[in-house]
Amino acid sequence: MALYLITGIGGFIGSSLARELLQRGEQVRGVDNFSTGRRENLAPILGQIDFREADILDFDAMKSACAGADYVLHQAAIPSVPKSVLDPIGSNRANIDGTVNVLVAARDAKVKRVVFAASSSAYGDTPTLPKHESMNPDPISPYAVAKLASERYMISFYRCYGLETVSLRYFNIFGPRQDPSSPYSGVLAKFITQMLSGKQPTMFGDGEQSRDFTYIDNAVEANLLACKAPAAQAAGKVFNVATGRRVTLNETFKLLQGLTSYSGMANYGEERGGDIKHSLADISLAEKHLGYKPKVDFEDGLKRTVDWYRTSRS
Ligand code: UD2
């Protein structure tokens with residue numbers, strides 16, 4: 001049994017990681033300041049985890065959270081492109097300063113490995129598809145810059161201090177418990193909950209933008225594999241976590257019409273600043289070095305997610 005520290009454990013991805021680890025009989029400790037995470041995500045598992053309400057910017061709290069941990073899954077962030085465009089200072093603090101705090105605390109506590117929630121946004125709007133880790137990053141939004149900077153810190157801590165770190169570039173993760181309630185929420189959480197309650201969703205632009213939408217179980221699996229992969233294959237490295245297939249928002253909307261019984265049309269609005277047109281991953285590096293294989297495809301994941309929102313709202 002190992003002890004995993006999850007930063008951002010109240011979030012959609014952090015709380016999903018916690019559930020899976022508990023299922024596998026592991027010990028879980030978590031921190032969250034509930035700036036974007038939610039108490040409801042933790043309520044059912046609160047008795048099974050060592051939870052500390054704390055900000056990753058609080059170094060002493062990170063020091064005490066890392067003490068005795070085997071692995072750190074660093075998920076805490078302010079995860080939004082448009083929010084970072086509005087507030088680059090806030091994004092920088094949470095997404096870069098917070099990461100450095102976690103890294104220093106993890107280094108001093110001599111944890112075995114830190115796995116970091118990096119982002120596909122690091123690639124920017126480069127026309128080449130699919131995106132491979134060997135491509136030059138070209139981030140556009142402050143959020144993307146911050147995620148890339150944190151990735152570089154991960155690599156730096158491996159090179160300078162020998163702390164084993166792995167960065168997972170998430171490609172639009174979606175699934176149960178993703179918060180649909182903020183204007184900055186992920187598009188699928190928004191569209192599904194809007195359409196289930198008969199509200200018209202708005203596409204920013206022509207709806208022809210595409211994403212390699214990745215169901216949460218695939219991201220959870222990638223984290224657990226990243227903890228255990230041999231250091232020679234994983235430490236100090238960056239991996240795409242995705243499915244290797246992309247769908248447009250217009251195609252997704254049609255699928256959702258079938259799944260939610262929403263019969264209206266979509267609304268089309270202005271394109272969003274800092275947005276990326278197409279995103280698709282090459283996942284061969286994670287397959288080769290981590291043994292990663294997407295377990296749940298887009299359609300199945302979408303169906304499971306719609307079912308979850310339908311039952312959790314009723
Ligand atoms: C970026 C990253 C993703 C993750 C995420 C965290 C890319 C390609 N992906 O997601 O990996 O790090 O940031 O937040 O950079 N949209 C609408 N209507 C809405 C909401 C969104 O049309 O009501 C559009 C939006 O303009 C974009 C697409 O849907 O083209 C996806 O937006 P999102 O906010 O769900 O995620 P994205 O791609 O910024």
Side-chain angles (χ1 to χ4, degrees), residues 8 11-14 36-37 74-87 91 94-95 116-131 135 137-151 167-175 178-195 199-216 218-219 222 238-243 246-253 256 265-281 283 298 302 305:
F12 149 59
I13 300 177
T36 57
H74 177 38
Q75 311 297 308
I78 298 185
S80 162
V81 168
K83 207 168 181 177
S84 78
V85 173
L86 284 174
D87 178 18
S91 170
N95 299 333
F116 170 59
S119 168
S120 65
S121 58
Y123 290 107
D125 219 1
T126 47
T128 315
L129 293 177
K131 314 282 190 195
M135 286 166 59
D138 188 15
I140 297 174
S141 63
Y143 165 76
V145 171
K147 282 288 178 180
L148 180 63
S150 280
E151 240 181 47
S167 295
L168 301 178
R169 281 188 184 161
Y170 293 161
F171 279 66
N172 291 74
I173 313 299
F174 73 99
Q178 189 168 27
D179 181 8
S181 65
S182 138
Y184 308 112
S185 295
V187 68
L188 295 184
K190 277 175 84 179
F191 278 16
I192 293 169
T193 50
Q194 286 165 342
M195 291 167 78
K199 292 192 191 121
Q200 188 180 36
T202 295
M203 312 250 186
F204 300 146
D206 61 5
E208 282 306 297
Q209 63 264 57
S210 60
R211 293 290 183 272
D212 190 336
F213 288 115
T214 304
Y215 187 66
I216 180 69
N218 300 322
V238 175
F239 298 98
N240 289 341
V241 172
T243 69
R246 72 189 164 102
V247 287
T248 66
L249 283 193
N250 286 323
E251 288 164 343
T252 305
F253 175 74
L256 286 177
M265 303 303 287
N267 181 40
Y268 289 84
E270 288 288 295
E271 263 183 40
R272 201 177 68 178
D275 215 359
I276 279 161
K277 191 73 184 172
H278 301 296
S279 177
L280 171 70
I283 54 172
F298 176 61
L302 206 56
T305 309

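Atoms within a ligand are numbered from 1 in the order they appear, just like the ligands themselves. Note that this is a predicted model, so its numbers are computed, not measured.
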Note: heavy atom closest to atom 26 (O) of ligand 1, options D206, D275, D125, L280, belongs to D275
Is there a side-chain contact between Y143 and S80 in this structure, where contact means two heavy atoms from C-beta onward sitting under 4.5 Å apart? no
Do T252 and F298 come close enough that some side-chain heavy atom pair is under 4.5 Å? yes
Within the structure provided, determine whether D212 and Y170 are in side-chain contact (heavy-atom separation under 4.5 Å). no
Compare all side-chain heavy atoms of F171 with those of V241 and state whether any distance is below 4.5 angstrom. no
Please state which protein non-hydrogen atom is closest to atom 34 (O) of ligand 1 and give its distance, to 0.1 Å? R272 NH1, 2.8 Å
N or O contact, Q209 vs ligand 1, cut-off under 3.5 Å: yes
Nearest heavy atom to atom 24 (C) of ligand 1: which of T36, L249, V81 does it belong to? L249
Minimum-distance protein heavy atom relative to atom 7 (C) of ligand 1: S120 OG, 3.4 Å
Per-atom filter on ligand 1: closer than 4.0 angstrom to a heavy atom of K190 are 19 (C), 20 (C), 23 (O)
Regarding S91 and N95, is there a side-chain donor-to-acceptor distance under 3.5 Å anywhere? yes
Quick test of your reading of the model: are R211 and D275 salt-bridged, counting only N-O distances below 4.0 Å? yes
Which of the atoms in ligand 1, numbered in the order shown and given with their element, are less than 4.0 Å from a heavy-atom of S80? 14 (O)
Which residue from T214, I276, V187 reaches closest to atom 35 (O) of ligand 1 through any of its heavy atoms? V187
Which atoms of ligand 1 have any heavy atom of S279 under 4.0 Å away? 8 (C)
I'd like the name of whichever of E271, R211, E270 reaches closest to atom 38 (O) of ligand 1 through any heavy atom. R211
Donor-acceptor pair, N250 side chain versus G207 backbone, under 3.5 Å? yes
Residue and atom name of the nearest protein heavy atom (relative to atom 37 (P) of ligand 1), distance in Å to one decimal: N172 ND2, 3.5 Å
Considering only non-hydrogen protein atoms, determine which one is nearest to atom 18 (N) of ligand 1 and report residue, atom name and distance to 0.1 Å. T202 O, 2.8 Å
Output the list of atoms in ligand 1 that are nearer than 4.0 Å to some heavy atom of Y170, sorted by atom number. 11 (O)
Numbering as shown, the atoms of ligand 1 that approach M203 to under 4.0 Å (heavy-atom distance): 22 (O)
With a 4.5 Å heavy-atom cut-off, do R272 and P82 have their side chains touching? yes
Tell me, please: is Y123 in heavy-atom contact with ligand 1, that is, under 4.0 Å? no
Given side chains that start at C-beta, do those of E208 and K277 come closer than 4.5 Å, heavy atoms only? yes
Would you indicate whether the side-chain heavy atoms of P137 and Y123 approach each other to under 4.5 Å? no
Would you check whether Y143 reaches within less than 4.0 Å of ligand 1, judged by its heavy atoms? yes
Check each atom of ligand 1 against the heavy atoms of G186 and keep those under 4.0 Å away; list them by number with element. 35 (O)
Between ligand 1 and P79, is the shortest N or O to N or O distance under 3.5 Å? yes
Heavy atoms, side chains only, cut-off 4.5 Å: are F12 and D179 in contact? no
Closest approach of any protein heavy atom to atom 17 (C) of ligand 1, naming residue and atom: F204 CD1, 3.4 Å
May I ask you to decide if the ring planes of Y215 and F174 are parallel, tilted or perpendicular, using 30° and 60° as cut-offs? perpendicular
